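Keep in mind that this is a model prediction, so the values were computed, not measured. In each ligand, atom 1 is the first atom listed, and ligand 1 is the first ligand listed.
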Amino acid sequence: MFTINENYLKLPGSYLFSTIAKKVAAYQEAHPDRNVIRLGIGDVTQPLCPAVIEALHRAVDEMGDAATFRGYGPENGYEFLREKMREHDFAARGCDIADDEIFISDGAKSDSGNIQEIFGPNAKVAVCDPVYPVYLDTNVMAGRTGKYNENTGYFDGVIYLPCTQENGFAPVPPEDQVPDLIYICSPNNPTGTALSRQRLQQWVDYANAHGSVIIYDAAYEAYITEPDVPHSIYECSGARTCAIEIRSFSKNAGFTGTRLGATIVPHDLVCRVKTDDGEREIELHSLWLRRHGTKFNGAPYIVQRAGEAVYSPEGQAQTRQQVAYYMRNASYIREHLQAAGYEVFGGVDAPYIWLRTTGGRNSWECFDHFLEDANVVTTPGSGFGPHGEGFIRITAFGTYENTKEAVDRLAELYRRE
Ligand code: PLP
């Protein structure tokens, strides 16, 4: 009889977005006349920009001609894209990253979920609380955690890094235990806050001093507005020996349905392993290269051409305009909800606003209150980790008109309370 990976059974059901969908559907069925506005899910709404669409069309035509058709591509991605990423995302920010340290992929979700495979089965993992759930869940699946505790909402054997109002939603390096793998997402989903250069440098210094690896998710870097916030962890000195960075085209260029991302593994990131005749250093780069070559056959050619177009002068101008569009929403949400009396965080370097619940409600009670009394769909903060309890996430990815209407309704709701 076969057996299963019982680590999967440790995972509590992923009820967050399905529960939200069910609640919204039930509400709409009971109140078909109400105009419900959705500021819940973190998906973009603006179409792909013209420079990207033109590149896609050109690449599709190439695929239809025997002279220019492409089959399997280089497993790490086409050089035309890696070169552009190196130049714009790293060299332009003073980061020393080589083309061959960039591995093109089909997105940050797969990479941030798969990267744990190259580490030891007993690696001690640290995650922020609250945070994007993929980092923790994939380590649970891999057997690096104990059981889930229903009462605390925590897995045994995991180091949680609370992101609270007291620490400015910036995780602090733990002193009592040393993690092997540290997942950091900045700007963070769901809190919408980002680590300052000094805070991130602190993490890099900690990782180098303790022999930890930082897995840095930069999916929202395009939304950073403050000069003191790094766009890449490689802006910090010493990051090449302790950090892997994961990037996405989903939020900066609207590729959530098109799929493109990248993972950066510097050659300087090494692990000492025991051998028959002593010890030797193994580059994590060689492991990720092996994993990529064995389990991945490359992102589609046409999508990589679309990604290349993001870096053209037109692509840069057009995608920046989209980011600015969402950030105008973020400012509207932040400013108007604050003026109405809500306590709001985030929304300056990220398309998410993190709002404290009102009237002593917990996250789900506040979600229901906003849905029923303002017809606005949000996301309960508790769905992202125990320290998300008492908060609500609002996304800036809607249309400006809907965002404005939703915010005006929430402001009115607060005044009536
Ligand atoms: N990382 C974070 C922090 C996210 O919030 C998301 C999506 O919401 C992703 C990664 C997924 O990115 P991708 O679409 O490139 O898989």
Check this for me - ligand 1, [X], N or O atoms closer than 3.5 angstrom, yes or no?
| X | result |
| --- | --- |
| Tyr352 | no |
| Gly42 | no |
| Tyr135 | no |
| Asn189 | yes |

Inset, instruction - May I ask which of Lys251, Lys109, Arg259 has a heavy atom nearer to atom 7 (C) of ligand 1 than the others do? - result: Lys251
Legend entry - Nearest-option assignment for atom 11 (C) of ligand 1, heavy atoms, candidates Phe397, Tyr132, Phe255: Tyr132
Inset, instruction - Can you spot which of Phe169, Tyr220, Tyr132 makes a ring pair (Phe, Tyr, Trp, His ring centres under 6.0 Å) with Tyr352? - result: Tyr220
Inset, instruction - Using a 4.0 Å heavy-atom threshold (strictly under), name the region of Ala219 that reaches ligand 1: side chain, backbone, both or neither. - result: side chain
Inset, instruction - Enumerate the atoms of ligand 1 whose separation from the nearest heavy atom of Cys185 is less than 4.0 angstrom. - result: 3 (C)
Legend entry - For Ser248, the ligand 1 atoms whose distance to one of its heavy atoms is below 4.0 Å: 12 (O), 13 (P), 15 (O)
Inset, instruction - Considering heavy atoms of the protein only, find what lies nearest to atom 14 (O) of ligand 1 and give residue, atom and distance to 0.1 Å. - result: Ser250 OG, 2.5 Å
Inset, instruction - Look at the rings of Phe80 and Tyr78 and say which category their plane angle falls in: under 30° parallel, 30 to 60° tilted, over 60° perpendicular. - result: parallel
Inset, instruction - Determine whether any heavy atom of Thr256 lies closer than 4.0 Å to an atom of ligand 1. - result: no
Inset, instruction - Determine whether any heavy atom of Phe249 lies closer than 4.0 Å to an atom of ligand 1. - result: no
